[in-house]
Student: 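One structure coming up, written as structure tokens, with questions to follow.
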Amino acid sequence: GAGVSQSPSNKVTEKGKDVELRCDPISGHTALYWYRQSLGQGLEFLIYFQGNSAPDKSGLPSDRFSAERTGGSVSTLTIQRTQQEDSAVYLCASSQFNQPQHFGDGTRLSIL
Amino acid sequence: QKEVEQDPGPLSVPEGAIVSLNCTYSNSAFQYFMWYRQYSRKGPELLMYTYSSGNKEDGRFTAQVDKSSKYISLFIRDSQPSDSATYLCAMNQYNNNDMRFGAGTRLTVKP
């Protein structure tokens, strides 16, 4: 399909484990975003990549969170030493510059 | 005060009703305004996209922007049970990818 693809769609893991979440943006979109959405809550911005510029990491909640974007395309969000409060839906979006964002269906992360 | 305010609802209406969803904002530099629809266990889906003040219509949906009042609205005519979802407003400044979202309004349309 031509949309934003995220994997896995669901992830259950034990507290203290590391997790990696993947985002495959729409082809040709230069901007890529990660958000967190907790139950019944709005979107919490995490990190933003634009082309080859340094990413905007201002939304990352702690140093346990990191993200990279290889070759200006696929991105991976990594959470180290997961905590129960990390349980949420992690959404990825991509866009052309100054255009609306298009979202994937998210990864539902549950920390036991 | 949040930069974008949106009543979370929930809002419940009978099928066929006209629905009005609203957001207010504080940053007068916002130029682009969007409405997203999010079904349960899905990502937000772009519904409407408008620039500056005015109205935009697409089928049963009308988006209105009043920049003087810092107020945007989404109207849904002849609402259907399939419109039941959470609706999020979003906005950003010109030449700036930093988009701000409302918290979302949960809508239920009852048959």
Side-chain angles (χ1 to χ4, degrees), chain A residues 1-11 21 23-26 29-51 53-59 69 88-110, chain B residues 1-11 21 23-25 29-52 56 58 61 63 65 72 74 85-108:
Chain A
V4 177
S5 178
Q6 290 189 247
S7 61
S9 54
N10 292 281
K11 177 73 175 178
L21 312 179
C23 174
D24 202 339
I26 293 172
H29 280 190
T30 57
L32 187 148
Y33 310 77
W34 284 98
Y35 295 90
R36 180 165 69 177
Q37 188 175 39
S38 300
L39 188 63
Q41 301 298 310
L43 296 175
E44 176 188 2
F45 166 76
L46 297 177
I47 188 168
Y48 159 52
F49 297 87
Q50 173 60 53
S53 301
D56 176 357
K57 303 179 181 180
S58 60
R69 188 180 185 190
V89 176
Y90 289 83
L91 289 163
C92 175
S94 70
S95 74
Q96 299 276 27
F97 185 74
N98 219 31
Q99 293 296 307
Q101 296 175 28
H102 297 267
F103 287 83
D105 284 336
T107 294
R108 280 152 191 82
L109 178 64
S110 297
Chain B
Q1 182 189 10
K2 292 182 180 178
E3 205 165 10
V4 180
E5 297 275 4
Q6 184 176 10
D7 186 338
L11 180 62
L21 304 167
C23 288
T24 59
Y25 62 94
F30 287 140
Q31 297 273 10
Y32 297 94
F33 303 91
M34 287 134 285
W35 285 95
Y36 286 85
R37 177 175 63 195
Q38 186 174 21
Y39 290 116
S40 180
R41 305 186 70 79
K42 292 289 189 179
E45 167 195 6
L46 181 66
L47 200 57
M48 298 288 279
Y49 174 48
T50 57
Y51 170 70
S52 198
K56 183 175 182 179
D58 184 0
F61 299 89
V65 175
I72 68 171
L74 177 71
T86 297
Y87 290 80
L88 298 99
C89 63
M91 51 199 75
N92 64 313
Q93 301 177 42
Y94 175 73
N95 218 28
N96 186 329
N97 266 13
D98 184 5
M99 189 177 296
R100 303 295 169 147
F101 289 86
T105 300
R106 185 173 176 183
L107 171 69
T108 300

Student: For chain A, find its close neighbours in residues 4-11 of chain B: heavy-atom separation under 4.5 Å, sorted by number, or none.
Tutor: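 If one takes a 4.5 Å heavy-atom cut-off, no residue of residues 4-11 of chain B lies near chain A.
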
Student: Determine the minimum heavy-atom distance between A/D105 and B/G43, stating which atoms define it.
Tutor: OD1-N, 2.9 Å

Student: Step through the shown structure and confirm whether more than 12 heavy atoms of other residues, nucleotides or ligands are within 6.0 Å of OH on B/Y94.
Tutor: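 12 or below, so no.
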
Student: Do the side chains of B/F101 and A/Q37 get nearer than 4.5 Å, heavy atoms only?
Tutor: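 Not touching, per the 4.5 Å side-chain cut-off.
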
Student: Relative to chain B, which segment of A/S9 carries a heavy atom at a distance below 4.5 Å: side chain, backbone, both, or neither?
Tutor: neither

Student: At a heavy-atom distance under 4.5 Å, which candidate from A/F97, A/F45, A/Y35 has the highest pair count against chain B?
Tutor: A/F97

Student: Which of the residues B/M99, B/M34, B/R100, B/R106 is involved in the greatest number of heavy-atom pairs with chain A at under 4.5 angstrom?
Tutor: B/M99

Student: Can you tell me if B/R41 uses its side chain to pair, donor with acceptor, with the backbone of A/R108 under 3.5 Å?
Tutor: no

Student: Any heavy-atom pair between the side chains of B/L46 and A/Q99 that's under 4.5 Å?
Tutor: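 A/Q99 vs B/L46: side chains apart.
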
Student: Given side chains that start at C-beta, do those of B/Q38 and A/L43 come closer than 4.5 Å, heavy atoms only?
Tutor: no

Student: For B/F30, what residues pass the ring pair (Phe, Tyr, Trp, His ring centres under 6.0 Å) criterion, not counting sequence neighbours?
Tutor: B/Y25

Student: Does any backbone or side-chain atom of A/Q6 lie under 4.5 Å from a heavy atom of chain B? Answer side chain, backbone, both or neither.
Tutor: neither

Student: Got A/P100 and B/Y36 here, is their nearest side-chain heavy-atom distance under 4.5 Å?
Tutor: yes

